[in-house]
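Below: the structure, in structure tokens.
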There are 2 protein chains.
Amino acid sequence: MRIGELAEKTGVSRDTIRFYERNGLISSSVSDSTTNNYRDYKDDCVVKLKFFAGAREAGMSIADLRSIMDSTADSCDPEVGRRVIQSKITELKERAGQIENVIRFLENVKNGSG
Amino acid sequence: MRIGELAEKTGVSRDTIRFYERNGLISSSVSDSTTNNYRDYKDDCVVKLKFFAGAREAGMSIADLRSIMDSTADSCDPEVGRRVIQSKITELKERAGQIENVIRFLENVKNGSG
DNA sequence: TAAAACAATGGACAATGATCCACGGTTTGA
DNA sequence: TCAAACCGTGGATCATTGTCCATTGTTTTA
């Protein structure tokens, strides 16, 4: 599919898609056409971009996402890949714990002890 | 206390403390001394800065933190303040849910279905 | 077939959240 | 007393994460 359709399906803007591609989060191929140099995006880009949107909201950086993408590449040792992903999971759990702390703090403030 | 001691106690750098102060997250008074214009920070700054550090890790912005600080000021209607804080709590809970989703996704990837 | 919509490229711009640096003045401690 | 460590101010710089724009070319559609 072309970039417009991909943007439509994912809710991620064309500019942002191009930005992500420049930063190695997704890749595309050149279209079959001989008259243009439009890019062709596969269905997996839809899945990835939707994941990225959620992951960004969860506080993951582009660099985090790139390391995850790299770690799932065929060229990557599966054991290394699992370690990378496990470390991101650990970070996310820490962040979730931090959020719990902040929520507790704010509940206290709201209930008058702040 | 002076800024160096505050930085020492909180782990927040002097530059960052000054940055936060410029942005209205904390305030200080001028020291008693007539020979310098050093700032004087009260103990509550320690508590606030530690909270800020956790809250930033939890994904809250400076603007979020400022609105919370404003909402706890004496000049603020307590009911308004509670609403502001409640809305931040709600946002944090949504973020926590998003983190759970991402963790589940990554667990799946790690376990081979990705 | 002409206008509208779409695409690629490259670079400018912006907001956020810091960090760093130079300067001149102050305090501290050896 | 004198150097080292500290302080305030102001501005420069930086990384991150996009967004916007101009230009040029292509496709779609009315």
Side-chain angles (χ1 to χ4, degrees), chain A residues 1-42 45 48-69 88 91 95 98 102, chain B residues 1-42 45 48-69 88 91 95 98 102:
Chain A
M1 81 194 77
R2 302 206 297 222
I3 196 168
E5 187 180 349
L6 182 58
E8 176 76 19
K9 282 183 175 166
T10 60
V12 178
S13 77
R14 289 154 214 244
D15 276 331
T16 299
I17 291 171
R18 293 193 184 106
F19 171 73
Y20 285 174
E21 187 165 4
R22 275 202 302 285
N23 284 278
L25 297 193
I26 57 172
S27 57
S28 61
S29 49
V30 295
S31 73
D32 291 340
S33 169
T34 55
T35 58
N36 68 33
N37 61 338
Y38 291 1
R39 310 295 310 176
D40 181 62
Y41 296 88
K42 307 294 183 197
C45 290
K48 286 181 180 178
L49 286 174
K50 285 181 176 177
F51 165 65
F52 296 157
R56 296 281 307 118
E57 272 189 66
M60 302 189 80
S61 69
I62 304 293
D64 286 337
L65 295 175
R66 189 171 45 220
S67 76
I68 288 172
M69 288 305 107
K88 297 305 171 192
E91 281 176 25
R95 188 188 305 269
Q98 198 61 50
V102 174
Chain B
M1 82 193 77
R2 302 205 298 222
I3 196 168
E5 187 180 348
L6 182 58
E8 176 76 19
K9 281 183 176 165
T10 60
V12 177
S13 77
R14 290 154 212 247
D15 275 332
T16 300
I17 291 172
R18 293 194 184 105
F19 171 72
Y20 285 173
E21 187 165 5
R22 275 201 302 286
N23 284 277
L25 297 193
I26 57 171
S27 58
S28 60
S29 48
V30 295
S31 71
D32 291 342
S33 168
T34 56
T35 57
N36 67 34
N37 62 337
Y38 291 2
R39 312 294 310 175
D40 181 62
Y41 296 89
K42 307 294 183 195
C45 289
K48 286 181 180 178
L49 286 175
K50 284 182 176 176
F51 166 65
F52 296 158
R56 294 281 306 119
E57 272 188 66
M60 301 188 79
S61 70
I62 303 293
D64 287 337
L65 295 175
R66 189 170 46 220
S67 77
I68 289 172
M69 289 304 107
K88 297 304 169 192
E91 282 175 26
R95 190 188 304 270
Q98 198 61 49
V102 175

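Chain letters run A, B, ... following the sequence lines, proteins first, then strands; residues in each count from 1. Just the heavy atoms: all of them, side chains too, but no hydrogens, waters or symmetry mates, feed the values below.
- Contact annotation: B/Arg18 reaches the phosphate of D/dG8 (side-chain N/O to OP1 or OP2, under 4.0 Å).
- With sequence neighbours excluded, no residue forms a salt bridge (Lys or Arg N to Asp or Glu O under 4.0 Å) with A/Arg95.
- In terms of the side chain to side chain contact (heavy atoms under 4.5 Å, CB included) criterion, B/Asn37 has no residue partners (sequence neighbours excluded).
- If you take CG of A/Asp40 and C1' of C/dA8, they are 15 Å apart, rounded to a whole angstrom.
- Whole-Å rounding puts the B/Leu6 CG to D/dG8 C1' distance at 15 Å.
- Across all strands shown, B/Arg39 has heavy atoms under 4.0 Å from sugar-phosphate atoms exclusively, and none from any base.
- The side chain to side chain donor-acceptor pair (under 3.5 Å) contacts involving residues 1-12 of chain A comprise A/Glu5-A/Lys9, where partners must be two or more places apart or lie in separate chains.
- Look at CD1 on B/Ile3: it is 12 Å from P on D/dC6, rounded to the nearest Å.
- A/Lys50 meets the salt bridge (Lys or Arg N to Asp or Glu O under 4.0 Å) test with no other residue; sequence neighbours excluded.
- Partners of B/Glu57 by salt bridge (Lys or Arg N to Asp or Glu O under 4.0 Å), not counting sequence neighbours: none found.
- Computed from coordinates, the B/Arg66 CZ to C/dG17 C1' distance equals 12 Å when rounded to whole Å.
- Residues from residues 49-57 of chain B with heavy atoms under 4.0 angstrom of DNA chain D: there are none.
- For the pair B/Ile17 CD1 and C/dC20 P, the interatomic distance rounds to 14 Å; values are reported in whole Å.
- Of the two residues contacting DNA chain C, namely B/Tyr20 and A/Tyr41, the nearest-nucleotide position lying further toward the 5' end is that of A/Tyr41.
- Shown here for A/Val102 and B/Ala58, the closest heavy-atom pair between the two residues is CG2-CB, 4.0 Å.
- Partners of A/Phe51 according to the ring-ring contact (aromatic ring centres under 6.0 Å, His included) rule, which considers only residues two or more places apart in sequence or in another chain, are B/Phe105.
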Starting at the 5' end of nucleotides 19-30 of chain D, put B wherever the base has a protein heavy atom under 4.0 Å, S where only the sugar-phosphate does, and a dash everywhere else. SB----BBSS--
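- Going from atom CD1 of A/Ile62 over to atom C1' of C/dT16 covers 15 Å, rounded to whole Å.
- Rounded to an integer number of Å, the gap from CD of B/Glu5 to C1' of C/dT28 is 15 Å.
- Residues satisfying the salt bridge (Lys or Arg N to Asp or Glu O under 4.0 Å) criterion with B/Lys48, sequence neighbours excluded, are B/Asp44.
- Ionic pairing of A/Lys88 and A/Glu91 is present here: one or more N-O contacts between side-chain nitrogen and carboxylate oxygen are shorter than 4.0 angstrom.
- Taking atom CG of B/Asp64 as the reference point, atom P of C/dT16 lies 11 Å away to the nearest angstrom.
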